[in-house]
Amino acid sequence: MALLRAAVSELRRRGRGALTPLPALSSLLSSLSPRSPASTRPEPNNPHADRRHVIALRRCPPLPASAVLAPELLHARGLLPRHWSHASPLSTSSSSSRPADKAQLTWVDKWIPEAARPYAMLARLDKPIGTWLLAWPCMWSITIAAMPGDLPDLKMLALFGCGAVLLRGAGCTVNDLLDRDIDNKVERTRSRPFASGVLTPLQGVGFLGIQLLLGLGILLQLNNYSRILGASSLVLVFSYPLMKRFTFWPQAYLGLTFNWGALLGWAAIKESIDPAIILPLYTAGICWTLVYDTIYAHQDKEDDLKVGVKSTALRFGDLTKYWISGFGAACVGSLALSGYNADLGWCLV
């Protein structure tokens with residue numbers, strides 16, 4: 001624009017006013033120059049005022065906060081390099097207009113080093129509910145196995161808590177490795193490290209080896225009976241991600257996997273399995289998993305149909321409420337049976 005202004009000034013100087021500048025060029029310069037609205041009004045004594053072309057620049061409305069992904073969030077999650085600092089065309093210009101993006105940042109985004117952040121996301125450290133769901137059956141059986149009047153074994157609770165973090169992370173790594181061709185077709189899972197290309201499968205296998213090695217260190221601190229029982233759970237961990245391709249009941253298979261700690265926790269204390277107590281407890285955990293994971297699977301129904309995978313949400317359909325009500329009742333009944341067989345009394349405070 002500065003070059004155009006210099007050209008017009010040179011024409012005026014050489015023509016000494018005899019050469020009238022082109023109206024279209026003058027109007028273009030005037031429309032591009034930052035003037036106030038009052039300065040753009042046509043001059044009454046200008047014969048060319050009625051022929052000026054007014055260029056109206058309409059500003060497109062910004063995208064809603066829910067429809068954009070701010071560069072800060074991509075940087076924080078390790079999905080965009082730090083040196084790529086220019087503004088994204090899909091983000092708004094004001095940093096104060098992104099409260100929703102800032103709210104999505106987790107403790108992993110804030111405290112984990114950037115190089116390790118994709119691995120933390122792969123292990124779902126930013127979503128600890130899965131770790132709790134894996135740890136609770138272990139805590140139940142360890143608590144039931146405690147001697148009457150005594151507190152549960154705190155060392156075992158700590159070991160199984162750490163084991164739940166590692167085993168859940170290993171399960172997520174295996175799941176993402178086997179499902180990376182599916183995750184990039186599902187909206188909810190498209191940003192996972194393998195599906196987005198942040199991590200390679202070779203890096204994932206190396207990370208899985210570290211997780212299993214640490215888990216082995218915890219398993220070796222248990223008795224021999226528990227070591228064999230714990231090692232056998234890896235068959236379920238590695239085969240669960242494939243179930244959604246073959247059966248409408250992958251949630252039931254997840255229940256078998258996630259509640260294995262109900263068997264292992266009792267064995268770590270008693271060095272044996274009491275079927276009358278542990279099998280009802282294990283069944284209760286499976287029914288409970290069917291309840292919450294069926295509800296969870298409903299958010300992916302449309303994407304599951306597109307990519308051709310199965311779930312209990314698709315199997316139950318409109319009858320989901322009746323099915324999960326039945327599983328919930330079976331869960332409560334199995335818990336009661338396990339407590340009754342273990343001679344548990346009412347908690348009197």
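On a predicted model such as this, the values are computed, not experimentally measured, just so you know. In what follows, every heavy atom counts, from backbone to side chain, and hydrogens, waters and symmetry copies are set aside.
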Compare all side-chain heavy atoms of [X] with those of [Y] and state whether any distance is below 4.5 angstrom.
X      : Y      : value
Lys310 : Asp304 : no
Phe238 : Leu208 : yes
Ile210 : Leu213 : no
Gln203 : Tyr119 : yes
Ile144 : Ser338 : yes
Ser233 : Thr257 : no
Leu256 : Trp260 : no

Looking only at heavy atoms, which two atoms of [X] and [Y] are closest? And how far apart?
X      : Y      : answer
Thr320 : His298 : OG1-NE2, 2.9 Å
Ala284 : Cys331 : O-SG, 3.4 Å
Leu159 : Ile218 : O-CG2, 3.7 Å
Ala146 : Pro152 : CB-CA, 4.0 Å
Met121 : Asp109 : CE-OD1, 3.0 Å
Ala120 : Ile112 : CB-CG2, 4.4 Å

Check your understanding: Going through the checks in order, is the side chain to side chain contact (heavy atoms under 4.5 Å, CB included) test met by Trp266 and Ile142?
Key -> CA-CA 6 Å; Trp266 180 276; Ile142 292 174; over 6 Å; no

Inter-residue atom distance [X].[atom1] - [Y].[atom2], 0.5 Å rounding:
X      : Y      : atom1 : atom2 : answer
Leu122 : Thr173 : CG    : OG1   : 4.0 Å
Asn223 : Ser272 : CG    : OG    : 9.0 Å
Ser311 : Met243 : OG    : CE    : 14.5 Å
Gln211 : Leu216 : CD    : CG    : 13.5 Å

Review point. Strictly under 6.0 Å, is that where the ring centroids of Trp288 and Phe258 end up?
Key: no

Do [X] and [Y] sit in one hydrophobic cluster, given that two such residues count as connected whenever their side-chain heavy atoms are within less than 4.5 Å of each other, even indirectly?
X      : Y      : value
Phe248 : Leu305 : yes
Leu202 : Leu212 : no
Leu281 : Leu344 : yes
Val307 : Phe246 : no
Trp140 : Leu154 : yes

Point to revise | Geometric class of the Phe327/Phe316 ring pair [parallel <30°, tilted 30-60°, perpendicular >60°] | key: tilted

Any sub-3.5 Å donor-acceptor pair from [X]'s side-chain atoms to [Y]'s backbone N or O?
X      : Y      : value
Asp153 : Met156 : yes
Ser226 : Ala267 : yes
Asn341 : Ile277 : no
Thr283 : Leu279 : yes
Arg227 : Leu220 : yes
Asp303 : Val186 : no
Ser141 : Cys138 : yes
Arg168 : Val165 : no
Asn175 : Gly171 : no

Exercise for review: Please report the C-alpha distance between Leu290 and Trp249 in whole Å, then the side-chain angles of each, then the deciding distance to 0.1 Å, and finally whether the side chain to side chain contact (heavy atoms under 4.5 Å, CB included) criterion is met.
Suggested key: CA-CA 9 Å; Leu290 279 163; Trp249 293 86; 4.3 Å; yes

Check your understanding: So, Gln251 and Thr312: side-chain donor and acceptor under 3.5 Å apart, yes or no?
Key -> yes

Review point. Taking atom types as modelled and ignoring hydrogens, do the side chains of Ser239 and Tyr253 form a donor-acceptor contact shorter than 3.5 angstrom?
Key: yes

Check your understanding: Does Lys110 make a cation-pi contact with Trp107 (under 6.0 Å, within 45 degrees of the axis)?
Key -> no

Review point. If you draw the axis of the six-membered ring of Tyr240, does the NZ or CZ of Lys244 fall within 45° of it and under 6.0 Å from the ring centre?
Key: yes

Check your understanding: More than 12 heavy atoms of other residues, nucleotides or ligands under 6.0 Å from CG of Leu151: is that the case?
Key -> no

**Study point:** Heavy atoms of other groups near Lys301 NZ, more than 12 under 6.0 Å
**Key:** yes

Check your understanding: Can you list the steps and then say if Phe194 with Leu177 is a side chain to side chain contact (heavy atoms under 4.5 Å, CB included)?
Key -> CA-CA 7 Å; Phe194 293 136; Leu177 278 170; 3.6 Å; yes

Practice item. List the steps and the verdict of side chain to side chain contact (heavy atoms under 4.5 Å, CB included) for Phe160 and Leu222. Key: CA-CA 10 Å; Phe160 275 78; Leu222 307 180; 4.2 Å; yes

Check your understanding: In terms of side-chain geometry, is the basic nitrogen of Asp300 or Arg188 positioned less than 4.0 Å from the acidic oxygen of its partner?
Key -> yes

Review point. Is the closest basic N to carboxylate O distance between Asp176 and Arg124 below 4.0 Å?
Key: yes

Point to revise | Option passing salt bridge (charged side-chain N to carboxylate O under 4.0 Å, His left out) with Asp179 (candidates Arg190, Arg245, Arg192) | key: Arg245

